[in-house]
Amino acid sequence: MKRAFITGVTGQDGSYLAELLLEKGYDVHGLVRRSSSFNRGRIDPIWETHPQAADHFHLHYGDMTDGVSLVNLIREIQPDEVYNLAAQSHVKVSFEMPEYTASADGIGTIRLLEAIRTGAPEARFYQASTSEMFGATPPPQDEHTVFYPRSPYGAAKLYAHWATVNYREAYDLYAVSGILFNHESPRRGETFVTRKITHAVAQIKLGRLDRLTLGNLDAVRDWGYAKEYVEGMWCMLQQDEPSTYVLGTGVGTTVRDFCRIAFEHAGLDWQEFVDYDERYERPTEVDALIADPSKARDVLGWTATTDAEQLARLMVDADLAALSGS
């Protein structure tokens, strides 16, 4: 039985990945930050829906800003695979908390890589990189595109990306960097624009909200379904040699169009309910992120099958069901 360690297990990607690995027969260990309130809503259902979870899904307290906890856990668990999904992942918030973002997302990756290097050097490591590293570089973006991050989040992730490459080359670690473009789901946090939109649509449809306020409606993103993307993560660690891969749909959609599709799916005209507020704009905007996922298709056999329109409808349906109790 393979043993996997997932940082960020309580997040969107972490919960989907934990489910996937349990289905594949893994013993799954997840990192959880200590908090005065539980934040495990995304992973609580795992114990109900996966019979093997009782014996093979384990949670451990720790933090990406605490190297000692990471060293101890890696030595104790001795994982075959490590998936680093933990991050302060909200781009706008990274401008308000740049130092914490750098510590958790950038230096945190070094802490984890060092823990693996000294405690479990045979483990295969996956680093969750991001399309935000490309920033101002025009699309389409692939594994050879020049990086130009436009936020503390993008810069911190770029540091982590190059650290991953360096540890692969310097210490011969099996270290993979997955540059994932925007991937969403009903488990996405409500402060992220896609879920903010679909959750508001459901509330407006049910008469619980009057207006939705957004920032830059012209931003273009390559949106896919997170549940599919974690399969790509797993595929990367099954290859003979470690490398860097871009995952995306290859299709760009504006925030405006995602908004329109979501409202239309609920039988509403988005222009009647949406307001603009410049406070939601970033200090430096990223105009367009669109993947060229050719390498993932050719090497991994991975292709995104859910496009932005399908995703918006899926998320609206899930929010409507959750809010109406059905």
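- Salt-bridge annotation for Lys92 and Glu96: present, with a side-chain N of the basic residue lying under 4.0 Å from a carboxylate O of the acidic one.
- Salt-bridge check for Asp80 with Arg124: failed, with every basic side-chain N at 4.0 Å or more from each acidic carboxylate O.
- Note: Asn216 CG to Arg256 CZ = 8.5 Å, rounded to the nearest 0.5 Å.
- If you take CD on Glu228 and CG on Leu311, they are separated by 9.0 Å, rounding to the nearest 0.5 Å.
- Note on Glu132 versus Arg282: salt bridge recorded, some NZ/NE/NH1/NH2 to OD/OE distance being below 4.0 Å.
- In plain terms, the two heavy atoms of Arg42 and Gly189 that are nearest each other are NH2-N, 3.5 Å.
- Atom NZ of Lys157 is separated from atom CH2 of Trp162 by 16.0 Å, given to the nearest 0.5 angstrom.
- In this structure, Arg117 fails the cation-pi test against Tyr167, since its NZ or CZ atom is not both closer than 6.0 Å to the six-membered ring centre and inside 45 degrees of the ring normal.
- At a threshold of 4.5 Å between side-chain heavy atoms, the hydrophobic network of Ile, Leu, Val, Met, Phe, Trp and Tyr places Ile77 and Leu113 in one connected group.
- Judged by the 6.0 Å distance and 45° axis criteria, Lys295 is positioned over the aromatic ring of Tyr245.
- Note: His90 and Phe192 have tilted aromatic rings, judged against thresholds of 30 and 60 degrees for the angle between ring planes.
- Phe273 and Phe263 have parallel rings, their planes meeting at less than 30° on a 0 to 90° scale where 60° marks the start of perpendicular.
- Salt-bridge check for Lys24 with Glu81: failed, with every basic side-chain N at 4.0 Å or more from each acidic carboxylate O.
- Taking the six-membered ring where the residue is Trp, His58 and His60 present tilted rings, their angle falling between 30° and 60°.
- Closest approach of Gln52 to Leu22, counting heavy atoms only: NE2-O, 2.8 Å.
- Under a cut-off of 6.0 angstrom, the local environment of CZ in Arg33 is sparse, with at most 12 non-hydrogen atoms contributed by other residues, nucleotides or ligands.
- Between the CE atom in Met236 and the OH atom in Tyr126 there is a gap of 4.5 Å [rounded to 0.5 Å].
- Across every non-hydrogen atom of Asp257 and Thr254, the tightest pair is N-OG1, 2.9 Å.
- In this structure, Asp319 pairs ionically with Arg195, as a charged nitrogen and a carboxylate oxygen lie closer than 4.0 Å.
- Relative orientation of the Tyr229 and His183 rings is parallel, given thresholds of 30° and 60° on the angle between their planes.
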